[in-house]
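Below you'll find the structure, written out as structure tokens, and then a few comments.
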Amino acid sequence: MAKTIELILREDVESLGRRGDVVHVKGGYGRNFLLPHKLAMAVTSGNRKVVEQEKAAAVKRDAREQ
């Protein structure tokens, strides 16, 4: 069975998920595509906090624009 890794998406990825989602992907796809293109990052408590802060900033920015 192929090993999967858990990543947090930094950007929306079609057919995978939206920004901030925690996803399970095959190891090769994560290491060879998502991580080098900075589309995802490893799941750690520190990275979860960073994603939450980015989401809060996006909500504030959207509210300001409207």
Side-chain angles (χ1 to χ4, degrees):
M1 185 171 156
K3 289 190 176 188
T4 62
I5 58 174
E6 191 175 35
L7 298 171
I8 300 172
L9 295 178
R10 298 189 74 179
E11 300 292 333
D12 293 352
V13 178
E14 190 173 328
S15 76
L16 188 58
R18 296 183 51 86
R19 180 183 195 149
D21 288 350
V22 176
V23 295
H24 295 271
V25 296
K26 289 185 179 181
Y29 180 62
R31 285 188 308 274
N32 296 325
F33 181 74
L34 295 174
L35 293 173
H37 289 100
K38 299 193 187 307
L39 297 173
M41 63 182 137
V43 175
T44 64
S45 61
N47 285 346
R48 286 183 194 256
K49 289 179 185 177
V50 168
V51 169
E52 289 173 10
Q53 290 173 350
E54 288 176 355
K55 280 185 178 181
V59 168
K60 287 180 184 177
R61 184 174 47 252
D62 290 343
R64 236 182 292 133
E65 289 176 0
Q66 293 179 358

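Scope of the values below: all heavy atoms of this structure, side chains included, with no hydrogens, waters or symmetry mates.
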key: pair Leu34-Leu16: side-chain heavy atoms closer than 4.5 Å   = yes
Which atom of Leu35 lies closest to which atom of Ala40, heavy atoms considered = CD2-O, 3.3 Å
Any side-chain heavy-atom pair of Val22 and Val51 under 4.5 Å = no
inquiry  = So, taking the atom named NE2 in His24 and the one named CD in Glu6, what distance separates them when rounded to the nearest 0.5 Å?
reply    = 4.0 Å
query = Is the shortest heavy-atom distance from the side chain of Leu9 to the side chain of Leu39 under 4.5 Å?
reply = no
query = Do Val23 and Met41 belong to the same hydrophobic cluster, where Ile, Leu, Val, Met, Phe, Trp and Tyr are linked whenever their side-chain heavy atoms lie under 4.5 Å apart, directly or via other members?
reply = no
inquiry  = I need the minimum non-hydrogen distance between Arg31 and Ile5, along with the two atoms involved.
reply    = N-CD1, 4.3 Å
query = In terms of hydrophobic clusters joined by side-chain contacts under 4.5 Å, are Val13 and Ile8 together?
reply = no
request  = Describe, in one word, how the ring planes of Phe33 and His37 are oriented to each other, choosing from parallel (under 30°), tilted (30 to 60°) and perpendicular (over 60°).
outcome  = tilted
key: Spacing of Arg19 atom CZ and Lys55 atom NZ [to the nearest 0.5 Å]   = 9.5 Å
query = Does CD belonging to Glu65 count more than 12 external heavy atoms closer than 6.0 Å?
reply = yes
remark   = Nearest heavy-atom contact between Pro36 and Gly30 is CD-O, 4.1 Å
request  = Using a strict cut-off of less than 4.0 Å between a Lys/Arg side-chain nitrogen and an Asp/Glu carboxylate oxygen, indicate whether Asp12 and Arg18 qualify as a salt bridge.
outcome  = yes
